[in-house]
Amino acid sequence: MMIERNNASLPVVSPAVGDDAPATPAARGFLYWTGAERPSSQHSISRVDGISPAGQEKLRQHLGSGKFAKRESRHSVKHYQYVRAALENNRPLTLQEADARAGGRKGAARDGNIAHVIPNSMVQRQLNRAIVAFQEGREQLGAHIAAFLSAAAGPEPASSSDERRQALAGLARQAAAAGAMWGLGDAMLREEQAHEGYGRLIAHPTAARKHAMMAGDLATVFGDGRGSTPQERQEAYGRFMRNTADSYGNTRIGNKEINSAIGSGVDLELTRDMKPTERSKRLYQAVDTFAPQNEIANNTFATDGMTYNLGYFATHNGQPLSSSMEA
């Protein structure tokens with residue numbers, strides 16, 4: 001790989017001759033912005049993107065408020081805490097974290113702010129979508145299970161087969177919605193120490209106990225028959241967001257200008273060689289596995305043996321963009 005510049009302020013990585021990569025702007029490699037001209041983001045999407053007015057009304061009734069359309073949780077703003085978390089997890093410091101570390105306990109990176117790998121907005125949007133899908137699946141199950149049982153016990157039990165299929169389809173929608181959110185949450189929990197996030201709420205935290213607490217919050221959020229109130233569901237909703245999307249397992253200090261340009265997009269950390277870090281690869285894989293495919297743009301970028309769907313972490317002209325690079 002070799003470093004080249006498309007202008008004085010935008011360093012990029014370009015594949016060497018013979019590399020097997022598509023001949024598109026994205027194939028030129030990741031870009032870490034360091035100049036004065038701030039690039040514009042490719043997309044900016046809301047926390048209710050893709051959810052119909054009827055679906056939003058389901059959310060409002062289920063959670064007891066309209067908070068689902070606004071940012072639910074806030075991460076810590078103390079930069080030294082992210083430095084500590086990086087060191088505890090043997091994660092190399094970003095340029096901004098190294099700057100903050102030099103300032104000691106009260107140090108703050110001069111050009112830094114907290115950057116997510118999987119965006120907070122994306123996680124919350126997926127949670128909103130999952131709640132709607134779960135509720136619709138429950139309604140579908142309820143609408144067909146009684147008819148199935150009645151037909152199965154009647155004089156023509158064969159007529160129950162369609163009702164059975166419909167009931168099972170409703171049950172499958174619930175399982176898929178809950179499973180996707182558990183998968184995203186699990187990926188982020190695995191990237192931090194046991195005592196962080198949910199671990200702060202547990203007397204003797206372990207990874208297993210953290211996962212159990214997350215599963216309990218999701219069960220409450222979806223309202224799976226435990227008799228939870230809208231207020232309890234809203235509290236569990238916020239707790240899930242704080243301890244997954246805003247966890248140290250999914251965040252670091254990055255460049256504040258480029259982070260705000262990336263906006264709603266997946267923001268992969270880069271190594272000093274301008275390749276995605278191992279943590280970013282794992283978290284990206286979780287998005288690729290558990291987020292709906294319409295969340296991800298069709299154009300792709302291949303590097304280091306992996307192919308990335310660009311999604312929303314690109315500039316307006318399609319260059320894959322990152323807000324952090326290792327020091």
If we ignore hydrogens and angles and just use 3.5 Å, is the side chain of [X] paired with the main-chain N or O of [Y] as donor and acceptor?
X	Y	result
Lys210	Arg190	no
Asn250	Met188	no
Asn243	Arg239	yes
Arg233	His62	yes

Is [Y] close to [X] at the side-chain level, that is, under 4.5 Å between some pair of heavy atoms?
X	Y	result
Arg125	Met122	yes
Met181	Val221	no
Leu189	Thr244	yes
Asn128	Arg47	yes
Val123	Leu127	no

Checklist entry - Think Arg138 forms a cation-pi with Phe222, using NZ or CZ under 6.0 Å from the six-ring centre and within 45 degrees of its axis? => result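 Judged by the rule (NZ or CZ under 6.0 Å from the ring centre, within 45° of its axis), Arg138 is not positioned above Phe222.
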
Point-to-point distance, once rounded to the nearest 0.5 Å, from [atom1] of [X] to [atom2] of [Y]:
X	Y	atom1	atom2	result
Leu270	Met325	CG	CE	7.5 Å
Ser247	Met214	OG	CE	10.5 Å
Arg84	Gln193	CZ	CD	9.0 Å
Lys67	Lys70	NZ	NZ	9.5 Å
Gln124	Phe240	CD	CZ	10.5 Å
His211	Tyr198	NE2	OH	10.5 Å

Same cluster or not: [X] versus [Y], using hydrophobic residues (I, L, V, M, F, W, Y) connected whenever any side-chain heavy atoms lie under 4.5 Å apart?
X	Y	value
Phe290	Tyr237	yes
Val132	Met241	yes
Leu93	Leu95	no

Please report the shortest heavy-atom distance between [X] and [Y], naming the atom on each side.
X	Y	value
Ala194	Ala207	CB-N, 4.1 Å
Ala177	Ala130	CB-O, 3.4 Å
Ile51	Gln56	O-NE2, 3.1 Å
Pro92	Asn90	CD-O, 3.7 Å
Arg279	Thr251	NH2-O, 3.0 Å
Leu184	Ile118	CD2-CD1, 4.4 Å

Taking side-chain hydrogen bond (donor to acceptor under 3.5 Å, both in side chains) as the criterion, tell me which of [options] meets it with [X].
X	options	answer
Tyr248	Glu196, Arg91, Glu192, Gln81	Gln81
Ser323	Asn113, Asp267, Asn255	Asp267
His195	His204, Arg200, Glu88	Glu88

With no hydrogens and no angle check, just 3.5 Å: does a side-chain donor-acceptor pair link [X] and [Y]?
X	Y	result
Gln135	Glu139	no
Thr94	Arg252	no
Glu269	Ser280	yes
Gln140	Glu136	no

